[in-house]
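Both backbone and side-chain heavy atoms feed into the values below; hydrogens, waters and symmetry mates do not.
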Amino acid sequence: MAGPVLVEARERRGPFGRVVKRLFWWFQGIMLLGGLATCAAIGPFVTGVDPEVAAGAGMFGAMALGTIWVFWPLGTLVLGLLVLVTRGRKRLIPVPGAGKGLIGPPSHKGISSAA
């Protein structure tokens, strides 16, 4: 006779894990909005009539976007690893009623093999 049917499940995240996951998504949103806001903010200055102001705005925009493009992947890597580390533990849970014949194995009728 076969052993009990086990289902793999995850526990909920702990309080620190929930904070880390929320921080990860806040970081993603802030970086996205920062990049879009930089582009929106320098647009009127770059298209202005004064070439010196346009050049300064272009340099500021390049530095600001360059900074964002450095910190975004680094922050995503660090926070993403923390999100993975703080996941809930895997548990094997026996299915109630599976050993008593109430729940049987799935039927494979109508499924043909590709071989």
R87 vs E11, side-chain contact (heavy atoms from CB on, under 4.5 Å): CA-CA, chis, key distance, verdict: CA-CA 8 Å; R87 288 187 300 179; E11 292 180 352; over 6 Å; no
Once you round to the nearest 0.5 Å, how far does [atom1] of [X] lie from [atom2] of [Y]?
X	Y	atom1	atom2	answer
W72	T67	CH2	OG1	14.0 Å
M31	I68	CE	CD1	6.0 Å
F24	L82	CZ	CG	10.5 Å
Q28	L33	CD	CG	11.5 Å

L6/I93 under side-chain contact (heavy atoms from CB on, under 4.5 Å): CA gap, chis, key distance, verdict: CA-CA 5 Å; L6 299 175; I93 302 172; over 6 Å; no
Heavy atoms of other groups near R10 CZ, more than 12 under 6.0 Å: yes
Crowding at CZ, R22 (>12 non-hydrogen neighbours, <6.0 Å): no
Test item: R13 side-chain N/O and V83 main-chain N/O as donor-acceptor pair under 3.5 Å: yes
Verdict with supporting geometry, F60 and F45, side-chain contact (heavy atoms from CB on, under 4.5 Å): CA-CA 11 Å; F60 168 77; F45 296 104; over 6 Å; no
Is [X] linked to [Y] within one hydrophobic cluster, defined over Ile, Leu, Val, Met, Phe, Trp and Tyr using a side-chain heavy-atom separation of less than 4.5 Å?
X	Y	value
W69	L36	yes
I30	L32	yes
F27	F16	yes

Pair R91 + E8: basic N to acidic O under 4.0 Å: no
Minimum heavy-atom distance between P44 and A41, given as atom pair plus value: CD-O, 3.6 Å
Heavy-atom closest pair, residues A64 and T38: CB-CG2, 3.7 Å
Steps toward side-chain contact (heavy atoms from CB on, under 4.5 Å) verdict (L79, L23): CA-CA 8 Å; L79 289 172; L23 181 65; 3.9 Å; yes
Sub-4.5 Å side-chain heavy-atom contact between V7 and P94: no
